[in-house]
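Quick notes on the structure that follows.
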Protein chains: 2
Amino acid sequence: MNPLDAAGRLVRDALGEGEICGTCGSRVAGLCRPLDAATLDDVLAEAEHVTFAARDHLFQEGDKAGHVFTLVTGTAKLVRLLPDGREQVVGFRFAGDVVGYTPSGTYPFAAQLLTAATVCRLDRRRLDSLMRSYPALERRFLDLCIQELTATQDQLVTVGRRTAEARLAAFLLSLAESGRQRHLPGPVLDMPMTRADIADFLGLTLETVSRSFTAFRRRGWIREPSHGRVELLQRQALTELIDGDAD
Amino acid sequence: MNPLDAAGRLVRDALGEGEICGTCGSRVAGLCRPLDAATLDDVLAEAEHVTFAARDHLFQEGDKAGHVFTLVTGTAKLVRLLPDGREQVVGFRFAGDVVGYTPSGTYPFAAQLLTAATVCRLDRRRLDSLMRSYPALERRFLDLCIQELTATQDQLVTVGRRTAEARLAAFLLSLAESGRQRHLPGPVLDMPMTRADIADFLGLTLETVSRSFTAFRRRGWIREPSHGRVELLQRQALTELIDGDAD
DNA sequence: CGTGTTCTTGATGATCATCAAAGGTGGTGG
DNA sequence: CCACCACCTTTGATGATCATCAAGAACACG
């Protein structure tokens, strides 16, 4: 299970890819797909299409949960804050993923963009009434949520029981899996997150992450052709590190 | 958020407590409450009432997900296995909690009992057809799942960013919160898990957990009147450890 | 071209894992 | 009822992993 994007991916897979959104001209949000054409129009009339700059927040932890977002382009991190100001990244979200659905009144984490992005934003009350009309939509969210729960449990295993290098290996492989799920071809992966973001995701310091990257590079396991990109040259080695370095 | 039992607790809170199950004579499973009397009878006719011994498994990781369980009495741990045989405990479940709902075909983790237990077991297909008839039931599961997701994210923060003692403090406080939610009065908490179970939950070794318990005892923060019980004498100190020791 | 951010690398030390052994507790059967 | 045994817990000694502190290099951006 891929801790990075199981949630969004599930919707995407279940709903099909590559659809063109009648309203915003980009790939249809995972949310809309199970609706018939008339209702789809209805929903999309309500959905706003907004652009954000890198580092903007879609919402802060504790904000009133007024919207559900779908990333059309760009990447975001989901962050929980600690009392002392440090952060734990609880997940990353990519183009096509749904962000910010919660039945409670406030968001339990912040969503901050790593890149400039365009999002489809749907009013929360509108979605709730849609869910009442279309139980299939609710079912979709349940499936999505359980996938995400499973992914978070996987991440708990990684953070709780693996060495620094094994954690990074798990991260890189999940990043590759995430790209594969989005049908992104080619061996080179986009990696818009900084070493600090990765460290906050893996429960490490940025120095340790950097050293692990260096180690992988020196061993010829990965290549970084440019800033923000990686290529996995020895997946087998990364996999063995995860399975074996656990003891 | 309490990582121990948010899932079960939510259902319990939403559905009320202390109901007597017409079929099994014990507190009604959270699942059944939103149903009208006729349907409730219908469901309970299908539910089996089973007893297990301590250390029995309700199911193993990867088993076909044939049933949903509600703990009537007893405590269970939810466990993911690593390739080398070590475990990560992803949660604990107490009387009244629901265990083992997953939309996928197999359980993503094992559920092993810490104590002897009685459970209400409901066939998965039966539940699915019920959910089709009663969207409110599905909604219940969605709320429950998001609560559990939030709890798991909290646990990720604890395991990823806190010291050994702060992790144990967080565990003890969540145990107390869990007892409070179940309306268990009195200052002394049941703690049926071993040091090894706690270690596997917190991403530590059992020795480190034991040393932290000893440290708390010496400082007068906790008391263990007997095996399997704790009393928190200085919650304030435990809370400050969590908030402050994070840096 | 300069400035701020990110990344790398090194030196040092703290936290926690590991290895080891002994004391405690509960359960079982003689 | 006692004794034995398995399991759990505690405590100590040692060392590895990773955090911290520090400084310089590479890079992006204006």
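Chain letters run A, B, ... following the sequence lines, proteins first, then strands; residues in each count from 1.
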For [X] and [N], give me the distance from atom [atom1] to atom [atom2], rounded to whole Å.
X      : N      : atom1 : atom2 : answer
B:I198 : D:dT10 : CD1   : C1'   : 14 Å
A:E224 : C:dT6  : CD    : P     : 16 Å
A:L204 : C:dC7  : CG    : C1'   : 16 Å
A:R195 : D:dA19 : CZ    : P     : 16 Å
B:R162 : C:dA14 : CZ    : P     : 23 Å
B:F213 : D:dT11 : CZ    : C1'   : 16 Å

Counting the atoms with a prime plus P, OP1 and OP2 as sugar-phosphate, which does [X] contact under 4.0 Å by heavy atoms, base, sugar-phosphate, or nothing?
X      : answer
A:L206 : base
B:R167 : nothing
A:T205 : base
B:G203 : sugar-phosphate

Holding to side chain to side chain donor-acceptor pair (under 3.5 Å), I want the full list of residues that pass it with [X], two or more places apart in sequence or in another chain.
X      : value
A:R180 : A:E177
B:R235 : none
B:T194 : B:D197

### Task
Scan side-chain atoms only and decide if B:T75 and B:T115 contain a donor-acceptor pair under the 3.5 Å cut-off.
no
### Message
On the nucleotide C:dA17, are OP1 or OP2 found under 4.0 Å from the side-chain N or O atoms that B:T208 carries?
### Response
yes
### Query
Would one find a side-chain N or O of A:S210 under 4.0 angstrom from OP1 or OP2 of C:dC7?
no
### Query
Among all residues two or more places apart in sequence or in another chain, which pass the ring-ring contact (aromatic ring centres under 6.0 Å, His included) test with A:Y107?
A:F59
### Message
A:F109: which residues meet the ring-ring contact (aromatic ring centres under 6.0 Å, His included) condition with it, sequence neighbours left out?
### Response
none
### Task
Quick one: closest heavy-atom pair of B:A111 and B:V99, and the distance?
CB-CG1, 4.0 Å
### Message
Which nucleotide wins on minimum distance to the side chain of B:R217, given the candidates D:dT10, D:dA19, D:dC7?
### Response
D:dT10
#### Entry: Nucleotide of C:dC16, C:dC7, D:dA19 approaching B:T163 most closely (side-chain heavy atoms)
C:dC16
Identify each donor-acceptor pair in which a side-chain atom of residues 209-222 of chain B lies under 3.5 Å from a protein atom, sequence neighbours left out, and give them as a table.
unit_1 : atom_1 : unit_2 : atom_2 : d
B:S212 : OG     : B:T208 : O      : 2.9
B:T214 : OG1    : B:S210 : O      : 3.0
B:R217 : NE     : B:E224 : OE1    : 3.1
B:R219 : NH1    : B:E165 : OE1    : 3.0
B:R219 : NH2    : B:E165 : OE1    : 3.0
B:R219 : NH2    : B:E165 : OE2    : 2.9

### Task
State which residues pass side chain to side chain contact (heavy atoms under 4.5 Å, CB included) with A:E231; sequence neighbours excluded, sorted by chain then number.
A:P187, A:V188, A:R223, A:L233
Identify all pairs in which a protein N or O lies below 3.5 Å from an N or O of nucleotides 19-29 of chain C, and state each distance.
unit_1 : atom_1 : unit_2 : atom_2 : d
C:dC19 : N4     : B:E207 : OE2    : 3.1

### Task
Take the C1' atoms of the five end pairs on each side of the helix from C:dC1-D:dG30 to C:dG30-D:dC1, derive the two axes, and give their angle rounded to 10 degrees.
50°
